Amino acid sequence: MSVECPNFASQMKQADISRELRAATAKAVKTLFNADISDSEILINDTRKEFEGDYSIVVFPLSKLSRKSPEATAGEIGKYLKDHYDIIEDYNVIKGFLNCLIKTQRWIEVFEAREKTNDFSKSNGKKVVVEYCGPNTNKPLHLGHVRNMVIGYSMANILEAGGYEVHKVNIYNDRGIAICKSMLAWQKFGHGETPESSGLKGDQLVGKYYVLFDQQYRKQVADLIKNGHNEDDAKAATPLLLEAQQMLRKWESGDRETIRLWETMNRWVYAGFEKTFETLGVDFEKNYYESEHYLSGKELVEEGLKKGIFFRKDDGSVWVDLTDRGMDQKILLRKDGTSVYLTQDLGTANSRYQDFEMDLSVYVVADEQNYHFKALKGTLEKLGKPYASGIYHLSYGMVDLPSGKMKSREGTSVDADDLMQQMFDTAEEHTKALGKIEAFSEQQAQVLYRKLGLGALKFHLLRVNPKRRILFNPEESIEFHGDTGPFIQYTYARIQSILKKWESMGKPGNNDDKSNTLENIERFILRQEIAFSKVIEEACESMDPSLIASFTLNLAKLYNRFYNEYPILKAKDKSVLFFRVRLSEQVAKTIEQAMLLLGIEVPESM
RNA sequence: GGUCGCGUAGCUCAGCUGGAUAGAGCAACAGCCUUCUAAGCUGUGGGUCGAAGGUUCGAAUCCUUCCGCGAUCACCA
């Protein structure tokens, strides 16, 4: 059974003039020069603003087929197009570029088609799981997690717009030595402190003891060094570290008291994380816990051994040889039979496939783990797992401070909750300074500050290519002017203001009022509008939300130029007024959709 | 040392599978609100696209070498 539902992408394609032009050019080449060329081989650019035209066909490659000069070739193709396609108003040739001016009528038709396709609904029949966040449970979330979450959440939205059925999941690294350090410090120095008794968010409370552990630990190391130990010995021999290791062993052997403490403190952390997720506006369909999976993956190792893909060394440890893929040998089981990181991820990948049977599995994880994911994928491929090829590591660069890497235990990391609060405060300052929201209730104002603060923060993180490192200077606050989230939000709010005013005017204009002129800037806006679906496709293919960010920024810039240079509600001609209102409305819709793909909300006024 | 990534204006970044005189924002300077929201718009200055070769009609983009920065190559996760 198949349901015919409007497919955003395919309808948009019908309204894609550059695609029409490409097909027409291929036909022209066939007719004029009797040469075959596929549509995709024809390169079409937006005409640069210093020349007349909407789209430019790059003719250099075609002159090989015509055996004429680029200019002559362009001239012939231009004439053919103008004679045979009524979408061409005129053309001109400059060097090897054929600049085509599209008829106003065609632009209007395309615009009307665009107006009708404002939702994405058609599925591509594929499932994707997006794993993001992946925190340790011994400390609160920091700016690095924020970048991760914002990328993951946005990429999930973009994939959904691209037709995927999307499942967002989180993985909690809830066991190991790190959480034991927090537990031990709390046990020794906490005096029974709880989130309730201290008023601290649970994750902040647990993080406090993680930092405290490190401080006490350093003190002990210093003492040992003073008493004649060398540094390496001292680091390994402090009573605190030995105790933490002891605690980890007790945890692994299932010691009831240790497990109970671990459960309690993790519960605090999860409650704290939930608040941060809610404030940031991200969510997960399912949570995975390392504590439930760290033993799994062993069956896969058995399977690999049986198939002869893995091998056992003399000491009993099990390895996979990835040298044929330019990697090394990787250990899978220690000689005592315990599993390592890679083994665990083998196990989680497997159970994830049992849970979702996804076609694609996206892991949003920092680029320090590039090698690990290459090894994971390579190992699963060797095992012949059906989901191996669908593994995609969405690798992003870490966030640095001017002083270097963020380190939670040294207290140098930028706390996610603090940062968001700071953004809200800054948004409030800016807004109050402008004094445009007197009509707002306190409640409405708070909602606005949150939208603007998050808009600024998320856009700042998403507008750069994920694989780039980001330098965050706490001394310089994130901008609200220029190429920013609030600038785009402002553009949206401005349009809403126009639309409201238009309504209060009694909505002058109707569909009989056909405009037959377009300003250049209006054509530029339309050209940008109809590129949206292609940008979504590209963002899916390259797993890169920054493409959406650039697109949206450009659209907002074009609109603001238009807004500043031309009257909309004050246009003299009613048909022009009506068209400009509709164009504005459409731009607002696109901005809203695009921003939602980034996980950013837009305000009705600001 | 091996592998991978990055290097574009003072700063932060765009630049699609090679295409026109390399584009924005910030910062600096000069303009634009009795007119639809000035978180806006316009203009000016600012570049040997890390370096050198190569491929091409054509290179920031592709190839090679080199320089600089980072990550990784853990029986940590």
Side-chain angles (χ1 to χ4, degrees), chain A residues 40-41 43 45 47-48 50-51 56 58-61 63-64 69-70 94-97 99 134 136 173 175-178 290 294 315 317-319 326-328 330-336 338-342 344-345 366-372 374-375 395 397-398 400 405 427 430-431 433-434 436-437 452 456 460 463-465 467-471 473 476 479-491 493-502 505 534-535 538 542 546-547 549-550 553-554 556-557 559-571 580-581 584 605-606:
Chain A
S40 58
E41 290 173 86
L43 183 63
N45 294 334
T47 301
R48 296 177 61 117
E50 56 267 37
F51 305 113
S56 298
V58 182
V59 186
F60 295 99
S63 63
K64 283 197 194 82
S69 72
I94 294 170
K95 293 203 261 177
F97 297 90
N99 303 323
N136 294 332
N173 304 303
R175 60 166 286 279
I177 191 71
E290 191 197 328
Y294 83 107
D315 66 356
S317 58
V318 179
W319 297 70
M327 286 176 273
D328 302 307
K330 297 288 291 181
I331 192 163
L332 292 169
L333 291 179
R334 299 184 183 100
K335 63 185 175 205
D336 62 3
T338 57
S339 56
V340 297
Y341 183 40
L342 182 59
Q344 289 176 35
D345 267 8
D367 61 8
E368 59 184 353
Q369 294 195 37
N370 286 354
Y371 188 82
H372 169 73
K374 232 176 120 186
S395 164
M398 316 251 277
D400 288 319
K405 241 176 131 170
H430 282 288
T431 305
L434 291 168
K436 294 186 198 174
I437 61 160
L452 297 177
H460 180 81
R463 68 184 228 101
V464 319
N465 187 313
K467 68 181 172 197
R468 261 188 126 102
R469 292 181 84 92
I470 287 184
L471 182 74
N473 187 348
E476 301 164 11
E479 295 273 347
F480 282 65
H481 299 267
D483 286 357
T484 65
F487 164 70
I488 297 168
Q489 291 171 315
Y490 174 71
T491 309
R494 247 183 172 180
I495 296 175
Q496 296 315 305
S497 169
I498 291 229
L499 295 177
K500 264 174 241 153
K501 193 153 278 182
W502 179 62
M505 288 162 66
K534 205 160 95 194
V535 173
E538 285 168 359
S542 55
S546 75
L547 299 181
S550 313
L553 200 49
N554 287 333
K557 280 184 188 176
Y559 184 83
N560 274 304
R561 234 170 77 204
F562 167 62
Y563 179 95
N564 245 271
E565 289 171 22
Y566 295 94
I568 297 167
L569 297 176
K570 290 187 170 131
R580 287 182 179 169
V581 168
S584 301
S605 64
M606 64 187 270

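Please read all numbers here as calculations on a predicted model, not as lab measurements. Just so it is clear: chains get the letters A, B, ... in the order the sequence lines come, proteins before strands, and each one is counted from 1.
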Whole-Å gap separating P (B:A74) and OH (A:Tyr371): 7 Å
Sugar-phosphate only, base, or nothing, as touched by A:Leu452 at under 4.0 Å among non-hydrogen atoms: base
Side-chain N or O of A:Lys330 closer than 4.0 Å to phosphate OP1/OP2 of B:C76: no
Side-chain N or O of A:Arg334 closer than 4.0 Å to phosphate OP1/OP2 of B:C76: yes
B:A20 base stacked by A:Phe97 (centroids within less than 5.5 Å, tilt under 30°): yes
Nearest listed nucleotide, side chain of A:Arg561, among B:U42, B:U37, B:A77: B:U42
Given B:C6, B:U37, B:G40, the nucleotide with the shortest approach to the side chain of A:Lys467: B:C6
Sugar-phosphate only, base, or nothing, as touched by A:Glu538 at under 4.0 Å among non-hydrogen atoms: nothing
A:Tyr563 and A:Tyr559 aromatic ring geometry - parallel, tilted or perpendicular at 30°/60° bounds: tilted
Polar pair under 3.5 Å, donor/acceptor by atom type, side chain A:Asn99, base B:A20: yes
Pair A:Arg469 + A:Asp400, salt bridge at N-O below 4.0 Å: yes
Pairing nucleotide - B:G45, Watson-Crick or G-U, each distance under 3.5 Å: none
Criterion side-chain hydrogen bond (donor to acceptor under 3.5 Å, both in side chains) on A:Tyr371 and A:Asp328, from CA distance to verdict: CA-CA 10 Å; A:Tyr371 188 82; A:Asp328 302 307; 3.0 Å; yes
5'-most by nearest nucleotide on RNA chain B - A:Ser546 or A:Ile177: A:Ser546
Centroid under 5.5 Å and tilt under 30°, A:Tyr563 to B:G40: no
Residue closer to the 5' end of RNA chain B, A:Val58 versus A:Phe487 (nearest nucleotide): A:Val58
Short side-chain N/O contact from A:Arg468 to OP1 or OP2 of B:A14, under 4.0 Å: yes
Nearest non-hydrogen partners of A:Leu547 and A:Ser542, listed with the distance: CD1-OG, 3.4 Å
Heavy-atom donor-acceptor pair, A:Asp315 side-chain to B:C75 base, under 3.5 Å: yes
Syn/anti state for B:C32 [syn: chi within 90° of 0]: anti
Options B:A20, B:A77, B:G25, nucleotide nearest the side-chain atoms of A:Arg48: B:A20
Sugar-phosphate, base or nothing in reach of A:Glu290, heavy atoms under 4.0 Å: sugar-phosphate
Nearest-nucleotide pick for A:Tyr490, side chain only, options being B:A77, B:A71, B:G40: B:G40
